[in-house]
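Written out below as structure tokens is the structure these notes cover.
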Amino acid sequence: MSIAQKTKVVEVVPYDPEWKVEFDRIREQLLSYVGDLIITIEHVGSTSIEGLAAKPIIDLDLVMDSYDVLPQIIERLQQHGYEHQGNLGIEGREAFERRQADGFMKYHLYACPKDGKGYLEHIAFRDYLRSNAVARQAYAEVKQRLAEQHRYDMDAYCEGKTAFVTSILSKTMK
């Protein structure tokens, strides 16, 4: 584990309706960069699920028709201060990191093909939790417990969520 991972605090906070507003702000900026190259931009991850406690980080998927447009997306985003990080070990999504301040809250940006596993899982998981209050509450409890147990270990926090996420995806990705 790196020093940065050890010192980064895992913080799960109550749902904030401002997350929707912030997503819209980031979305508009990204559309001005790559809107003609993509199908849509989806708000995914825990901040996209009303009522769910979350780490205060917006997750966005740039949905592309195919990998054919990825080189253009990479080039345009680089012109605006983003670094392409590859798939970070997750099939069907390409990660980007913002390298300069832009006035937005923290966010994670991914480019995903419309039929890619990463994108389809993001949407299936989000939509299931949006429509299932019991599962949403159970996930909030898992996240809060893990955040307390692994306050300074983001990898252990993420690993701890895997069984829950996999159980939901096994119901939704048939």
Side-chain angles (χ1 to χ4, degrees), residues 4-5 8 10-13 15-131 136 139 143 154-155 157-158 161-162 165-166 168-169 172-174:
Q5 288 170 312
K8 184 186 257 185
V10 178
E11 177 187 30
V12 174
V13 300
Y15 177 79
D16 185 342
E18 285 299 310
W19 292 338
K20 285 182 186 178
V21 175
E22 191 70 358
F23 164 76
D24 287 338
R25 291 181 58 230
I26 300 166
R27 179 183 174 276
E28 289 306 310
Q29 186 70 60
L30 291 167
L31 284 172
S32 75
Y33 302 156
V34 296
D36 60 319
L37 299 174
I38 61 171
I39 298 167
T40 191
I41 300 176
E42 291 281 351
H43 187 185
V44 296
S46 294
T47 60
S48 71
I49 302 163
E50 196 168 320
L52 180 61
K55 294 190 314 293
I57 302 168
I58 305 286
D59 291 311
L60 302 99
D61 284 353
L62 304 176
V63 184
M64 53 190 177
D65 193 47
S66 74
Y67 274 103
D68 294 345
V69 296
L70 183 62
Q72 290 174 277
I73 291 171
I74 292 169
E75 181 181 333
R76 292 226 198 129
L77 290 177
Q78 283 175 337
Q79 292 170 1
H80 295 282
Y82 293 86
E83 179 182 316
H84 179 229
Q85 299 177 296
N87 70 10
L88 301 178
I90 298 179
E91 175 191 340
R93 74 168 204 202
E94 298 291 319
F96 293 85
E97 183 175 357
R98 184 75 167 160
R99 290 300 190 175
Q100 59 199 41
D102 58 11
F104 299 124
M105 67 182 278
K106 187 171 181 179
Y107 60 96
H108 294 153
L109 178 62
Y110 306 100
C112 308
K114 67 183 179 191
D115 56 356
K117 182 179 185 223
Y119 171 67
L120 296 175
E121 287 181 351
H122 282 167
I123 297 302
F125 188 73
R126 178 198 70 189
D127 291 353
Y128 184 83
L129 290 183
R130 280 181 173 176
S131 66
R136 188 169 52 247
Y139 190 46
K143 289 163 50 112
M154 186 64 73
D155 290 339
Y157 168 81
C158 291
K161 297 187 307 180
T162 301
V165 172
T166 302
I168 298 299
L169 291 176
T172 61
M173 299 293 293
K174 295 181 180 181

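Residue indices begin at 1 and follow the sequence shown. All heavy atoms count here, side chains included; hydrogens, waters and symmetry mates do not.
Annotation: Y139 is in aromatic contact with F125 [ring centroid separation under 6.0 Å]. If you look at F23 and W19, their ring centroids are not closer than 6.0 Å.
No donor-acceptor distance shorter than 3.5 angstrom exists from the side chain of D61 to the backbone of V63, with no hydrogens or angles considered. Without hydrogens or angle criteria, R136 side chain to L129 main chain gives a donor-acceptor distance under 3.5 Å.
Note: R25 CZ to Q29 CD = 9.0 Å, rounded to the nearest 0.5 Å. Rounding to the nearest 0.5 Å gives a distance of 9.5 Å between CG of L37 and CG of L62. Here the CG atom belonging to L70 is positioned 12.5 Å from the CD1 atom belonging to I38, to the nearest 0.5 angstrom. One finds the CD atom of E42 at 9.0 Å from the CZ atom of R27 (value rounded to the nearest 0.5 Å). How far CZ of R93 is from CD of E121: 10.0 Å, rounded to the nearest 0.5 Å.
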Query - Candidate pair E94 and H84, rule side-chain contact (heavy atoms from CB on, under 4.5 Å), full reasoning - result: CA-CA 7 Å; E94 298 291 319; H84 179 229; 2.7 Å; yes

Report task. Could you check L31 against I41 for side-chain contact (heavy atoms from CB on, under 4.5 Å), going step by step and ending with a plain yes or no? Result -> CA-CA 8 Å; L31 284 172; I41 300 176; 3.8 Å; yes

Query raised in the report: Could you go step by step and tell me if Y157 and V12 meet the side-chain contact (heavy atoms from CB on, under 4.5 Å) rule?
Result: CA-CA 11 Å; Y157 168 81; V12 174; 3.6 Å; yes

Query raised in the report: Would K143 and K161 count as a side-chain contact (heavy atoms from CB on, under 4.5 Å) if you check the C-alpha gap in whole Å, the side-chain angles of each, and the deciding distance to 0.1 Å?
Result: CA-CA 7 Å; K143 289 163 50 112; K161 297 187 307 180; 3.9 Å; yes

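Looking at heavy atoms from C-beta onward, L30 lies in side-chain contact with L77 at the 4.5 angstrom threshold. Looking at heavy atoms from C-beta onward, I39 lies out of side-chain contact with M64 at the 4.5 angstrom threshold. Proximity of K114 to D65: side-chain heavy atoms (C-beta onward) are separated by under 4.5 Å at one or more points. A 4.5 Å side-chain heavy-atom check between D102 and I26 finds every atom pair outside the cut-off. Inter-residue side-chain proximity for E97 and R99 is flagged as met; some heavy-atom pair is nearer than 4.5 Å. Considering only heavy atoms from C-beta on, K106 stays 4.5 Å or farther from I58 through its side chain. Side-chain contact check for I73 versus F96: some heavy-atom pair is nearer than 4.5 Å. Contact check for Y107 versus E22: no side-chain heavy atoms found under the 4.5 Å cut-off.
A cation-pi contact, defined as under 6.0 Å to the ring centre and within 45° of the axis, links R98 to Y82.
Nearest heavy atom pair, residue D59 against residue G45, reads OD2-CA, 3.7 Å. The heavy-atom pair separating P113 from Y67 by the smallest distance is CG-CE1, 3.5 Å. Here the shortest heavy-atom pairing between C112 and Y119 reads CB-CB, 3.5 Å.
Ion pairing of R76 with D36 is present here, as a side-chain N (NZ or NE/NH1/NH2) and a carboxylate O approach within less than 4.0 Å.
S46 and K55 are not linked by any side-chain donor-acceptor pair at a separation below 3.5 angstrom, with hydrogens and angles left out of the test.
Annotation: K117, atom NZ; neighbour count of heavy atoms from other residues, nucleotides and ligands within 6.0 Å does not exceed 12.
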